[in-house]
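In the text below, chain A, chain B and the rest are named by the order of the sequence lines, each starting its count at 1. No hydrogens, no waters, no symmetry mates; every other heavy atom, side chains included, goes into these values. Just so we're clear, the structure is a prediction, and the values are computed from it rather than from any experiment.
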Amino acid sequence: MLNTTNKKMAVVLLVISIIYLIVSFRLPSYAYVPVDSDMVPIALGVLLFFLSIALYFIKDEKSEEKVKLPKEDLLAILIVIGFIVTYIFLLEIIGFILITALFIFFCSWFLGFKKFITNLIVSIVLPFAIYYMFIALQIQLPQGILPF
Amino acid sequence: MKKIAAILSLAFVMVISAACSGNTTTSDKAKTNGEWKPEKAIEITAPSGAGGGWDTTARMAAKVLNETKIINQSIGVVNKPGGGGAVGWAYIHSKKADPQRLFVTSPPMLLVPLNGQSQYDYEDFTPIANIIADYAAFAVKADAKWNNLNELFADMKKDPSSITIVGASSPGSMDHIQFVKIAKAAGVDITKLKYVSDQDGGGLTQILNGSADVYSTGVAETVEQVKAGKIKVLGVTSEERLKGDVLSDFPTAKEQGIDATFVNWRGFFGPPDMDKNALAYYEKKLKELSDSAEWAEIRQKYGWDEMYMDSAEYKDFLKKENNEIKTLLEELGLAK
Amino acid sequence: MDVFHGLLTGFEVAFSLNGLLFVLIGVTVGTIIGMIPGLGPITAIAVMIPITYGMDPAIALLLMAGVYYGAAYGGASSSILLNAPGTSEAVATTFDGYPMAKQGKAGKAMATAAIASFVGGTISIIFLTFLAPTLSKVAVSFGPPEYFALMLLGLTALSSLSEGSTIKALISATIGFMIATVGIDSQTGTARFTFGSAHLLEGIDFLVLALGLFALAEVTSLIIFRKEKIAESSKIGSLKLTKQDYKDIIPTMGRQSVLGFLIGVLPGAGGTIASFLAYVSEKKLSKNPNAFGKGEIRGIAAPEAANNAASGGAFVPLLSLGIPGSGTTAVMLGALMVLGIQPGPLLMADHPDVFWGVIASMYIGNILLLVLNLPLIPYISKILRVPRPLLTSLVIVFCFIGVYGISFSTFDLFLLLGFGVLGYVMRLVHFPASPLLLAFILGGMMEQSFRQALTISNGSLSIFFTNPIACILIIISLASFLVPILKTVRKKTKVEQTMDM
């Protein structure tokens, strides 16, 4: 039944449209306007509901192909996402310069960048340059634990 | 080998820096008795993006405080936009009792929490001093049939659905509430007002092309349009007439027999439970700022009014304002 | 003061040694700011205000104006080279700019962007010079019903972005519109789909969405091809445009500059909407619409000409009426106030030197920008020579700064990551991303103006039909929506093609 990507997507979208509709119907009402804030969302939810049903039944050769992705690549992507999440968590704690330097260094290294000296120089110089460029424009990026 | 060296050097940098920052924080906290002075750079947060009213006030104040040497420590401005201020307030609140962090605020500090959009309200912070005030103006197209607020409100009482009021912000926020406050004092049924919100200069456009009838805005936005004969101001919300070229021609709501005012106050707040000595320090410095000739010039350029209040006065003022706004929002059914 | 006399005075101010110097500083700083993610024209001007305080107003304005259009210029390079737009105005430039760079024609793409920006900028300044007072009437002629009709017309252009499966394009667009409904609803103050988070109250920033859907999603393919040594895309290629190229882009730049300018004149519309409408209308007009999205030179010329023309157009309501039509011009208004100039309907009469000085500086600034930017292209394009793994991490950092510089919140960084994942999934399952963006930028404004109009008319739909401009625009929209459908019904056997974006 869910043998094609389209059919799977259709089910996911149907669920999204239903959730969106439930939230839309629960929006508090406001008495002083002729068209309340829930009108457009309800219309959009209903539209998506029917479009996802339509998607279930259409034939579209291109998407009939199975989506292929080597396990190795998927793993690499997931690890980079891991790096990104770490970056976001630590940005305001240890500061822009430090986390950006670490991110550039380790992410490039992980993806196969072999020139360590170049990598080290880029990952130290670039965050400093950007940080002080922002400072010059009176915009403060997270300073973190560095004393400057 | 190189790899290890690189990682080691980075780790080294990290340790050193961690150690350094540890030092600064301890030396900071050591001085809490008697005179207080900022030990490191002061950070003023504007809970909005670059270019807005809060941001302008923060940047200009930072500039004057530094250039006139009122405060010698460098002052940086940090933008924390989002949620009409709520994101910035949550950020300050997370930096409990750090006396190097101030923020600029104004009536949304009361309105946003009352609308249920911020978990922190003005009582969660330390009001330091108010420095400037601005007032609301209600304008109509130059050839509109109304010449004063009473004529407008009389028509509104007769047929509220025929008159559209436009402002930049959504219902329950400043442009709406400032009009509601005056209209209520004039005896208009505020639950029947027809209010439309339009950003990016849309309000003035709507008045000029006749889509909407009344523009609820700040006094400064109307001056040039009045000079050019495009619009007329039916009333402003200050206690007395304002001083200045065109400004002194604007009648106040009060002199038209409507007993209500609205102040768009703007001042500096600090984090919760601010150190008493630090509070006294900033109060004094902001008073110096408010009295300086440089600041007077900036006030004049932006069309701001002087309104200094020290911390104690400020607190009483905020309490009174908050209660009044709360009553209005409750009547409209908007209070959360 | 007539136009020529005025311009002459303006050039006198701008052509002084000081004047030229500050325009040059302005455009240089502006270009750099435009290239740095997270810093757009708004921030550029806002941070210039305290710096210029106390300077001679005429000179300060030259500096500020230089920064303003310099920043507007600089945004295109990262769109073309990295698929990572630095400003929201430059998002539409990624559609064909990045594919061109991937084909090893980055030099040509960048040169086209620079030339189109120059043409768009120059045409808009000529209009501004001669027609500002006349056009100020256009600026205030649009009320809520007209805006609704205009946005509706823009949305019908969706059909041109929806080769391949129409249903998929419509689903993308619906989702884009849904994302636009997040945040406080202006007409009622109701918080919609914020799930109690203060970070979502002001809605989702367009740049966060675009950087996620395009740049971060592209990072995944950089990761997959990380081991390829020297790819086609590391070639920069010649900067030179052929005669045929010029033949292609000259009419495009001409008409899209006019369109962009007119949209810029309307308060609230602005450069982003202008660049999108220019792109889709150019595609609709083209004899070979399938080439768009695959590195079509006109697909760069159209949005770049339009967004620069729009930034000139935005000066019409600002300088002739004192109405700031966008966030950027609102900051510009603040800057003028600090300099002791109150923009309003009397500006031209009271401060002719300021008005004409700004206009003259725009002519000079535009030429300086072209002269400054063209020789820089080979150097900037060298970023493509950076080895894949390092480039990948740099693009990610670019996105981080681009988002953090706007919101200063890590919440938006998570949002960016989320949109990156969404963009990647959409690629895998062949859902086009451009309809999502188009519906996002038009949808919010369309909903608000629709409901504003109905509040004004006390709920009566007749307001859309008693109003001549709105009525005509709605009829055109319906026609442009129905005609293609009728056509497809007639020739049912049309091979479906997918737009890979």
Side-chain angles (χ1 to χ4, degrees), chain A residues 5-6 9 13 16 20 23-24 27-28 30 32-37 39-41 44-45 47-48 51-52 54-55 58 60-63 67 69-70 73 76-77 80-81 84-85 87-89 91-92 100 103-104 107-113 115 118-119 122 126 130 133-134 137-139 141, chain C residues 32-33 36 38-39 43-44 47 50-51 164-165 167-168 170-171 174-175 177-178 181 185 187-190 192-193 219-220 222-224 226-227 387-390 392-394 396-397 400-401 404-405 410 413-414 417 420-421 424 428-431 443 447 450-451 454-455 457-459 496 498:
Chain A
T5 325
N6 273 358
M9 283 310 296
L13 288 165
I16 291 176
Y20 187 84
V23 181
S24 304
L27 284 172
Y30 177 79
Y32 315 119
V33 285
V35 182
D36 206 350
S37 59
M39 192 274 258
V40 170
L44 289 171
L47 184 64
L48 186 64
L51 284 171
S52 53
L55 180 68
I58 59 158
D60 173 3
E61 278 100 45
K62 245 202 154 161
S63 313
V67 176
L69 190 68
D73 287 337
I77 291 171
V80 172
I81 290 179
I84 292 177
V85 172
Y87 183 98
I88 302 174
F89 267 118
L91 174 64
E92 286 181 351
T100 308
F103 180 86
I104 296 177
C107 189
S108 311
W109 171 70
F110 166 75
L111 292 171
F113 190 48
K115 295 177 191 153
T118 322
N119 196 353
V122 172
L126 198 79
I130 293 171
M133 198 116 75
F134 274 77
L137 293 166
Q138 327 257 305
I139 300 171
L141 289 172
Chain C
I32 297 169
I33 289 178
I36 304 174
L39 297 176
T43 331
V47 299
I51 295 172
S165 163
I167 288 192
K168 285 186 176 176
L170 283 176
I171 289 176
T174 312
I175 291 174
F177 207 149
M178 283 175 164
T181 60
D185 168 46
Q187 301 313 315
T188 59
T190 306
R192 299 191 291 189
F193 312 106
V219 161
T220 53
L222 284 176
I223 294 174
I224 290 168
R226 65 190 176 278
K227 280 165 196 150
R388 276 268 164 87
L390 184 60
T392 310
S393 9
L394 294 184
I396 299 174
V397 167
F400 286 155
I401 305 170
Y404 197 81
T410 48
L413 290 176
F414 281 115
L417 180 60
V421 173
Y424 179 60
L428 282 184
V429 297
H430 302 285
F431 274 72
E447 186 199 349
F450 177 69
R451 291 169 49 211
L454 285 178
T455 304
S457 72
N458 295 311
E496 286 189 331
T498 331

Exercise. Looking at Y424(C), Y404(C), F450(C), which makes the most heavy-atom pairs under 4.5 Å with chain A?
Worked result: Y404(C)

Exercise. If you count heavy-atom pairs under 4.5 Å between each of I401(C), T43(C), N458(C), V219(C) and chain A, which one has the most?
Worked result: I401(C)

For this session: List the steps, then state whether side chain to side chain contact (heavy atoms under 4.5 Å, CB included) holds for Y30(A) with D185(C).
Result: CA-CA 11 Å; Y30(A) 177 79; D185(C) 168 46; over 6 Å; no

Exercise. With a 4.5 angstrom heavy-atom cut-off, which part of Y87(A) approaches chain C: side chain, backbone, both or neither?
Worked result: side chain

For this session: Compare all side-chain heavy atoms of R388(C) with those of L111(A) and state whether any distance is below 4.5 angstrom.
Result: no

Problem set entry | Heavy-atom pair count under 4.5 Å with chain C, highest-scoring of V23(A), V122(A), I84(A) | I84(A)

Seminar exercise, completed: Highest number of heavy-atom pairs under 4.5 Å with chain A among T220(C), L417(C), T392(C) belongs to L417(C)

For this session: Select one option (side chain, backbone, both, neither) describing which atoms of T455(C) are under 4.5 Å from chain A's heavy atoms.
Result: both

Exercise. With chain C, which of T100(A), V33(A), L55(A) has the greatest number of heavy-atom pairs at distances under 4.5 Å?
Worked result: L55(A)

Exercise. Non-hydrogen atoms of chain A under 4.5 Å away: do they reach the side chain of L222(C), the backbone, both or neither?
Worked result: neither

For this session: Heavy atoms only, distances under 4.5 angstrom: which of I104(A), I88(A), D73(A) has the most pairs with chain C? Name it, please.
Result: I88(A)

Seminar exercise, completed: Between I167(C) and A54(A) the two heavy atoms that sit nearest each other are CD1-CB, 3.4 Å

For this session: Flag the one option from L51(A), I130(A), L44(A) with the top tally of heavy-atom pairs under 4.5 Å to chain C.
Result: L44(A)

Problem set entry | Heavy-atom pair with the smallest gap, counting every atom of A76(A) and I223(C) | CB-CG2, 3.8 Å

Problem set entry | Structural part of V80(A) lying under 4.5 Å from a heavy atom of chain C | side chain

Exercise. Roughly how far, to the nearest 0.5 Å, is the CD1 atom of I33(C) from the CZ atom of F134(A)?
Worked result: 9.5 Å

Exercise. Looking at C107(A), G45(A), S52(A), which one has more heavy-atom pairs under 4.5 Å with chain C than the rest?
Worked result: C107(A)

Seminar exercise, completed: Minimal heavy-atom distance between E447(C) and P41(A), with the atoms involved, is OE2-CD, 4.5 Å

For this session: Mind ranking I175(C), L413(C), V421(C) by heavy-atom pairs under 4.5 Å with chain A and telling me who comes out on top?
Result: L413(C)

Problem set entry | Min side-chain heavy-atom separation F193(C)-S24(A) under 4.5 Å | yes

Problem set entry | Reported NZ-to-CG distance for the pair K115(A) and L390(C), which is rounded to 0.5 angstrom | 9.5 Å

For this session: For the pair F103(A) and F400(C), name the ring-plane relationship: parallel under 30°, tilted 30 to 60°, perpendicular over 60°.
Result: perpendicular

Problem set entry | Between L47(A), I16(A), L141(A), N119(A), the one whose heavy-atom pairs under 4.5 Å with chain C are most numerous | L47(A)

Problem set entry | Value rounded to 0.5 Å, distance of CZ in F177(C) from CG in L48(A) | 13.0 Å

Problem set entry | Heavy-atom side-chain proximity of K168(C) to N6(A) below 4.5 angstrom | yes

Exercise. Is there a side-chain contact between I224(C) and I77(A) (heavy atoms, below 4.5 Å)?
Worked result: yes

Problem set entry | Verdict with reasoning, F414(C) to V85(A), per side chain to side chain contact (heavy atoms under 4.5 Å, CB included) | CA-CA 8 Å; F414(C) 281 115; V85(A) 172; 4.3 Å; yes

For this session: Compute whether any side-chain donor of one residue and acceptor of the other, for T181(C) and Y20(A), lie under 3.5 angstrom apart.
Result: yes

